[in-house]
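The structure appears right after this line, and notes come after that.
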Amino acid sequence: MNGHQELAFQRLFWQNTKHIPAIGFLTGLRYSLIAYGPLGLAALVSRNVTEGLRTFTTMQALGYALIEYDILEEDGIAVAFIANDEYVPADLKEFMHERLLGSGPTFFRDMRQENLPLRLIESYSTGPKDGWV
C-alpha cells in the first residue's frame, strides 16, 4: 500500500465510523508497537521509555503517520511528547489526534515501564462530546 492509498483508506474509515463515539481513540488503543513494523521493533528493544521515544522520533520516517513527533527532554529524560499535525488534512485532524491519544497508552504499556516519565500529554482535540470511553 502506498501513502495515497493509506490516506484514502483513512478518509473512508473516518467518514464511515465517525458517528461512533471515540472511534479514533478506540482505534488507537489497538496500535501495539509491533504493528509499526521496524519502527516499533526498534522502540521495543530500547532500554527505557526515553530511549524508546528517541528511537521512535528519530526513525519515524519508517512509519505511516502524517503527524510528526518530537520529544522534549529535561536532564536526559523525556517529559513531553509533541505532535505536529501541519501535514494532516483538515478533514482527518480530529480522527488522527484521537487515534494518537489512544495509541499512547498502548505504546507505554508495550514498553512495560512502571515509572512513566511523561508529565503531560496535550492535544488540540477536546474528545468526543459524550466523553472518553
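- Looking at heavy atoms from C-beta onward, Glu94 lies in side-chain contact with Trp14 at the 4.5 angstrom threshold.
- Closest heavy-atom contact between Met59 and Leu39: O-CD1, 3.4 Å.
- Ser46 approaches Thr55 most closely through the heavy-atom pair OG-OG1, 3.5 Å.
- Comment: Arg54 engages Glu73 in a salt bridge, judged by a side-chain N to carboxylate O separation of less than 4.0 angstrom.
- Interatomic distance, Gln10 CD to Phe95 CZ, rounded to the nearest 0.5 Å: 6.0 Å.
- In this structure, CD1 on Ile20 lies 8.5 Å from CG on Leu26, to the nearest 0.5 angstrom.
- Other residues, nucleotides and ligands place no more than 12 heavy atoms under 6.0 Å from the CZ atom of Arg30.
- Closest non-hydrogen pair, Ile82 versus Leu72, comes out as CD1-CB, 4.1 Å.
- In this structure, Ala43 and Leu33 approach most closely via the heavy-atom pair CB-CD2, 4.2 Å.
- Residues Leu100 and Phe81 meet the side-chain proximity criterion, which asks for heavy atoms closer than 4.5 Å.
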Please test Asp85 against Met96 for side-chain contact (heavy atoms from CB on, under 4.5 Å), starting from the C-alpha separation and ending with a verdict. CA-CA 9 Å; Asp85 66 4; Met96 290 194 179; over 6 Å; no
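- Closest non-hydrogen pair, Val45 versus Glu51, comes out as O-OE2, 4.4 Å.
- Leu53 is listed as a side-chain neighbour of Phe108, based on a closest heavy-atom distance under 4.5 Å.
- Two residues are said to be in side-chain contact when any heavy atoms from C-beta on lie closer than 4.5 Å; Ile34 and Leu41 meet this criterion.
- For the pair Tyr31 and Arg99, the minimum side-chain heavy-atom distance is below 4.5 Å.
- Contact check for Leu62 versus Tyr36: no side-chain heavy atoms found under the 4.5 Å cut-off.
- When all heavy atoms of Gly28 and Thr106 are compared, the pair lying nearest together is O-OG1, 4.0 Å.
- One distance of note links OG1 of Thr50 with CG of Asp75; it measures 11.0 Å at 0.5 Å rounding.
- Taking the six-membered ring where tryptophan is involved, the planes of Tyr69 and Phe56 are tilted, since the angle between them lies from 30° to 60°.
- Going from atom CG of Leu92 over to atom NE2 of His97 covers 11.0 Å, rounded to the nearest 0.5 Å.
- A 4.5 Å side-chain heavy-atom check between Leu101 and Glu98 finds every atom pair outside the cut-off.
- Contact of the Leu66 side chain with the Pro89 side chain is registered, since non-hydrogen atoms from C-beta on lie closer than 4.5 Å.
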